[in-house]
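Taking it in order: structure first as structure tokens, then the write-up.
Proteins come first, then strands; the chains are lettered A, B, ... in the order of their sequence lines, and each starts at number 1.
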Number of protein chains: 2
Amino acid sequence: MQNRKVTILDIAERASVSPATVSRVINKSVVVKESKRKVVIEAMDELGFRPNALARGLVSGRSMTLGVLTQDIGSPLYDNIAKGIIRGLEGSGYSAILVDGLWRENRELEVINTLLDRQIDGLVLIGGVISEGELTKLRKRIPLILVGREMQGWEDYCINIDNFSAAYEATKFLIEQGHRRIAHVKGSPNHQDAEQRFKGYAKALEDSGIELIPNLIFQGDFFPQSGVLAISSFLERGDGFSAVFAANDMMAMGVRRALYQRSIRCPEDVSVIGFDDQIETAFLVPSLTTMRQPSVEMGMAASAALLDVIAGKPHDLPIFKASLQVRESTCRTG
Amino acid sequence: MQNRKVTILDIAERASVSPATVSRVINKSVVVKESKRKVVIEAMDELGFRPNALARGLVSGRSMTLGVLTQDIGSPLYDNIAKGIIRGLEGSGYSAILVDGLWRENRELEVINTLLDRQIDGLVLIGGVISEGELTKLRKRIPLILVGREMQGWEDYCINIDNFSAAYEATKFLIEQGHRRIAHVKGSPNHQDAEQRFKGYAKALEDSGIELIPNLIFQGDFFPQSGVLAISSFLERGDGFSAVFAANDMMAMGVRRALYQRSIRCPEDVSVIGFDDQIETAFLVPSLTTMRQPSVEMGMAASAALLDVIAGKPHDLPIFKASLQVRESTCRTG
DNA sequence: TTGTAAGCGTTATCAT
DNA sequence: ATGATAACGCTTACAA
């Protein structure tokens, strides 16, 4: 399509210097006499030179590329984390290759391999179900940061909110509002955060001397439809409830929808609380009470930390906390 | 971190063949005698060999990488398109580098340059505000597909729904339901789809002999809050309305919310129609009538077409149409 | 069918 | 401060 690629040799020739000097100018690695530097810069401008990142990566061993393994492009939470990661790379010279693991370990391992083939300098894993054994192997090969997932003995490289405590707080809030029969819509099986949220919910009930009723627990999948199904299930099984804690906002929307269809008022008859605080929740009718997760900030922290790790600098991870956003979908009862 | 990278030379030595033969086995480019092939494969397995994508790209001139320029990671529509693109790459050997243009031409051009530096084999542009002049230059340099954007004389490489017609249809639907005073919340300025939707709206009114009332048009930004502000504006200016057409679903949610806060019933007092059909809309209360846009499919078509273009094969683009999803937020009036 | 060898466009290691 | 020159790991003529 084009005449020919302009290389460092062309610049060297035009500026009457050696290729090495051109390289030095590009990389600002060692000082080059100002007069030469100027000629080189001019030559690069005139010829429209752009360095070939592949060649640089090959010889330098640094590809300036990071891998990002997400699990579900299109999920509001994960997309926000990814957005934060990519935003955190701005101006760093690094780019991100984004791949989708689809919450399947085999697929995850496969796409990680394609990332490694591309000589990525570091990797961010968002969620996922890769076994700890594989993770242990992986972290020996490449700088690694986990977001939305935890791993024993690897705390310094994990960015997460405390899902257990957050769910505990959400449930406790409902209890303080006088609720005793609190249903729960679980997130997808095998998702660490979903498990933690369930456990926090259970513990809050226990600490308040409230019995956990299996009929009031529904196995959802983080999509709205499962919130709808949850309500059907609860109603069918006949154990009354005055509040529902859904493990994310989309399921909470489904819950709210199902209540409406059965003319059960929210929050007067049933309070609903979600999780994540995706942007839409504040605009629902009624607006949704939820646990906010600072997803974009978490993503930014992830790339910042990863860049430090790659540079061999000490990194520190901010502590992220979920925060309760009380809105209209919950109220006192009793 | 690791002993040393296993290269093609190690394999060659271990299998007692030349590096070229190993390469042939990897690429299946020419037939290698089965016995040798087997030894090579074995050697690769035993040593855990993985080819270096940088080296391959450098010498072959094919990086097996595509660039994807989106404008707003975290936006439901764009994320779904990106999801489709990435999904469409599965099994092709290509990976995607995702960058964010933030709807700013300078930023877009800058990140496109970083993509070109990385020797991408093709580029998908989702939306964006790059001038046609720049696009013309760009498409001479690299295989290009546009999604969610159109360009004169470049129709064979653009994937889009007809926003004008879709908006026309949405507005016409409201008119057929008896509405005459139909407000419109516009999408962000300079966004091609927002402009088209506005034009379709205006044309539908015109064709039905309904006067367009400037006070009933609000300049939004595709975020929910602008839907809220739109209602304030309409009410303040005092021109009555019985329906609102928002240029996307998030703004429609804001509209719905604002109506609720003022005790204006939806749809009894005011009908609301959105655009995009993001997953949540079917679960709202009331569920939202909207124009569905097959975003994931469009993304998949984009990568399929791009791969064809790169391969020098003829490509054809399916025609995508928006489809009206009638739900509860609209009803007859008058 | 296979091997040899010349690159691909840089950076990095020496000297100078 | 600068210039040769050897890598980096692979593909691809060209020979054989």
message: Taking the minimum atom-to-atom distance to the side chain of A:Ser60, which one of D:dT11, C:dT10, C:dA12 wins?
response: C:dA12

- line: Result for salt bridge (Lys or Arg N to Asp or Glu O under 4.0 Å) between B:Lys83 and one of A:Asp79, A:Asp100, A:Asp72 points to A:Asp72

- request: Would you indicate which nucleotide in C:dT2, C:dT10, C:dA12 comes nearest to any side-chain atom of B:Val30?
  value: C:dT2

field: Length of the line joining B:Ile11:CD1 and D:dT11:P, which is rounded to integer Å
entry: 12 Å

statement: Among the nucleotides C:dT2, C:dT4, D:dG9, whichever has the atom closest to the side chain of B:Lys5 is D:dG9

field: Protein-nucleotide distance (A:Asp117, atom CG; D:dG9, atom P), rounded to Å
entry: 14 Å

- request: Respond yes when some side-chain nitrogen or oxygen of B:Thr21 is under 4.0 Å from OP1 or OP2 of C:dT2, and no when none is.
  value: no

message: At 4.0 Å (heavy atoms only), tell me whether B:Ser23 reaches a base, stays on the sugar-phosphate, or touches nothing.
response: base

- request: Please work out if B:Val22 contacts a base, only the sugar-phosphate, or nothing of the nucleic acid, heavy-atom cut-off 4.0 Å.
  value: nothing

Euclidean distance, atom CD of residue A:Gln119 to atom C1' of C:dT10 [Å, nearest integer]: 15 Å

message: Given D:dG9, C:dT11, D:dA1, identify the nucleotide with an atom nearest to the side chain of A:Asn27.
response: C:dT11

- request: Indicate whether any N or O donor in one side chain lies under 3.5 Å from an N or O acceptor in the other, for B:Arg56 and B:Ser63.
  value: no

field: Nearest to side-chain heavy atoms of A:Arg24, which nucleotide of C:dG7, D:dA4, D:dA1
entry: D:dA4

- request: Check whether any side-chain N or O of B:Arg62 sits under 4.0 Å from OP1 or OP2 of D:dT12, and answer yes or no.
  value: yes

query: When rounded to the nearest 0.5 angstrom, what distance separates OG in B:Ser18 from CD in B:Glu13?
result: 13.0 Å

- prompt: How far apart are the C-alpha atoms of B:Ser95 and A:Arg118, what are their side-chain angles, what is the distance that settles it, and do they pass the side-chain hydrogen bond (donor to acceptor under 3.5 Å, both in side chains) test?
  reply: CA-CA 10 Å; B:Ser95 298; A:Arg118 291 187 137 74; 3.0 Å; yes

task: Look up atom CD1 in A:Ile130 and atom OG1 in A:Thr136, then write down how far apart they are to the nearest 0.5 Å.
output: 11.0 Å

query: When we call it a touch if two heavy atoms are under 4.0 Å apart, what does B:Arg37 touch: a base, just sugar-phosphate, or nothing?
result: nothing

field: B:Lys33 vs C:dG3: side-chain N/O to OP1/OP2 distance below 4.0 Å
entry: no

message: Quick check on C:dC8: is either OP1 or OP2 less than 4.0 Å from any side-chain nitrogen or oxygen of A:Asn52?
response: no

query: Considering only C:dG3, C:dT2, D:dC8, which nucleotide approaches the side chain of B:Val32 most closely?
result: C:dT2

field: For atom CE of A:Met44 and atom P of C:dT10, their distance in whole Å
entry: 11 Å

message: With a 4.0 Å limit, can you tell me whether B:Ser18 has a side-chain N or O closer than that to the phosphate oxygens OP1/OP2 of C:dG3?
response: yes

field: Distance in angstrom units between A:Leu54 CG and D:dA7 P, rounded
entry: 22 Å

- prompt: In whole Å, what is the span from the CD1 atom of A:Ile8 to the C1' atom of C:dA12?
  reply: 12 Å

- prompt: Taking atom P of C:dC8 as reference, at what distance in whole Å does atom CG of A:Leu58 sit?
  reply: 14 Å

task: Counting heavy atoms from C-beta on, name the nucleotide in D:dG3, C:dT4, C:dT10 closest to the side chain of B:Ala20.
output: C:dT4

task: In whole angstrom, give the distance that lies between atom CD of B:Glu34 and atom P of C:dT1.
output: 12 Å

query: Does A:Glu297 pair with A:Arg87 as a salt bridge, N-O distance under 4.0 Å?
result: no

statement: Sorted by position of nearest nucleotide on DNA chain C, 5' first, the leading residue of B:Val31 and B:Ala55 is B:Val31

field: Closest-nucleotide 5' rank along DNA chain C - winner of B:Val59 and B:Val17
entry: B:Val17

